[in-house]
Amino acid sequence: MSKLQAVRGMNDILPSSTPYWQRLESACRSLFGAYGLEEIRLPIVEPTALFKRSIGEATDIVEKEMYTFDDRNGESLTLRPELTAGVVRAGEQHGLLYNQTPRLWYAGPAFRYEKPQKGRYRQFHQIGVECFGLPGPDIDAELIALTARLWEHLGLASAVRLELNTIGSAESRQRFRKALVAFLEDKREALDEDSQRRLLTNPMRILDSKSAETQRVLDNAPSLHDYIDDESKQHFAGLCQRLDALGISYVVNPRLVRGLDYYGKTVFEWITTELGAQGTVCAGGRYDGLVEQLGGKSTPGVGFAMGCERLVLMLEALAARGSMALQARGLHSLYVMGLGEAEDSAAQTLAEQIRSAAPGLKVMLHCGGGSIKSRMKKADRSGAQLSVLIGENELARQQVSCKVMQADSAVAASLGLDEDSTVSTPGQFLLSQTELLQRLQTMKEQADSNHG
RNA sequence: GUGGGCGUAGCUCAGCUGGUAGAGCUCAGGAUUGUGAUUCCUGCGGUCGAGGGUUCGAAACCCUUCGUCCACCCCA
């Protein structure tokens, strides 16, 4: 270990992919605002007991995947493996949960000690929503409608499908679990190795085993649906009716079981087939017992979390297929350069003046010297549509040479320039610095007024 | 935690049954002395992931280890 490198499974997010992260984050931010949700921000570290009591002692997450360490005073702390528990803790601590119905969203990293693979990392990022104090299926449907709209905004709608189930009340699950274990016990031999183990630890999880043989055994097993209590059934029917009314299509998957202990009644997953084994891109459900379980007054809750890495992978794949959103037309990026020491300084001043005159325009200043050729090359590589150059002559006359870098008539047109203003070569213009500033300002004002 | 694939230039990769490394792209410079993206020329760039072993000789074969990818498992 001579070279310094990032901890295994904890990835750097490089400039080549940050645009997709930004698109995801800004889509969530604006949509959550439009649905009346409020943001909450939480510590990354919580007392270990919080996760043991919420996620469930017998789950893999708590058993072997938590980053747990002792604080200097001996208290056991844990890097959060998910954010729901923290939201409940914060809500409880600050009295957010009672006599009101908060609808909260969060975004941030979480940590699980797992072997990394595609779509699964030791530090990963979740964006999620949690709503409290609302017991009915109306809010369940509201959250699903929100996620469905998000896929639309991101262009992912055709790549995901919604799976839905109800896992009933804690009591009904208890009765079903007994029946299931009784049924499977004498068929133990036919089960795959992992499912045999789960028979003892977490029998419900056998239902969504990927083993074909295990699934065949399950064909004759007792159905969870037959054990669901009436109230949960009604709740589920209400949810389905609302989704039908909203035109949101879904598949009821009676074998869909969530991994975390606190879920009850509604559970759902948005799934894609485009990411290999880690196909769940967003998942959630109802957890009416969680607040009480953590020591608060009985308060219903529903929520979901999205896996940012997985969604970003999908957005990148989408872009690679060429379905990128179109760039705005007209001039939006400049590259400003001088041709010597005094000229470079003048160029920097001009760049700042441009930024004042036309805020929001991308203005890149050439730094680092070099020949004209190399400066122009950098201008080209930067993707700028227009290069703005101050040489000895321009400096003496307070002028600039502008050159349109791509064959795009809209660039010159948006500055109000035409062929007649061309100097020497096509697409090249000589004008005074104040005129350039005025034209940019006018352009910007027109663009702003067009947008409303 | 289990199983498999892969680690060679900044990037993508070639390198045959062992004879101490090559291409494309990128980058820098020039052809074109104040104009990029095309073309041509030149150049920079490598403890072959790391450590050990076999051998006269290892990028190649063996062992160990680290990293990475994929799947199981788990889950967002």
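Residue numbering restarts at 1 for every chain, and letters A, B, ... go by the order of the sequence lines. In this text, all values refer to a predicted model and were calculated from it rather than measured experimentally.
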Electrostatic pair Arg439(A):Glu435(A) at N-O distance under 4.0 angstrom: yes

Tell me, which of residues 205-216 of chain A have any heavy atom that sits under 4.0 Å from an atom in RNA chain B? Arg205(A), Lys210(A)

What pairs of residues pass the ring pair (Phe, Tyr, Trp, His ring centres under 6.0 Å) test when at least one of them lies in residues 379-408 of chain A, not counting sequence neighbours? none

Which protein N or O atoms sit under 3.5 Å from an N or O of nucleotides 29-32 of chain B?
none

Name all residues meeting the salt bridge (charged side-chain N to carboxylate O under 4.0 Å, His left out) criterion together with Glu394(A); count only those two or more places apart in sequence or in a different chain, and write none if there are none. none

Listed in order of residue number, which residues of residues 191-201 of chain A have a non-hydrogen atom at under 4.0 Å from RNA chain B? Asp194(A), Arg198(A)

Please give me every residue in residues 115-130 of chain A whose heavy atoms get under 4.0 Å of an atom in RNA chain B, ordered by residue number. Lys115(A), Gln117(A), Lys118(A), Gly119(A), Arg120(A), Tyr121(A), Phe124(A), Gln126(A)

Nucleotide-level pairing of RNA chain B, given in dot-bracket where Watson-Crick and G-U pairs need both distances under 3.5 Å and | marks other strands: (((((((..((((.....[..)))).(((((.......))))).....(((((..]....))))))))))))....

I'd like to compare against my own output: the B/S/- annotation of nucleotides 7-13 of chain B with a strict under-4.0 Å heavy-atom distance to protein. -------

Just to verify, what does Arg149(A) make a salt bridge (charged side-chain N to carboxylate O under 4.0 Å, His left out) with, not counting sequence neighbours? none

Arg255(A): which residues meet the salt bridge (charged side-chain N to carboxylate O under 4.0 Å, His left out) condition with it, sequence neighbours left out? Asp219(A)

Please list, chain by chain and in numerical order, all residues satisfying salt bridge (charged side-chain N to carboxylate O under 4.0 Å, His left out) with Glu152(A), sequence neighbours excluded. none

Check RNA chain B against residues 268-290 of chain A and give the residues with a non-hydrogen atom under 4.0 Å, in numerical order. Gly276(A), Ala277(A), Gln278(A), Thr280(A), Val281(A), Cys282(A), Ala283(A)

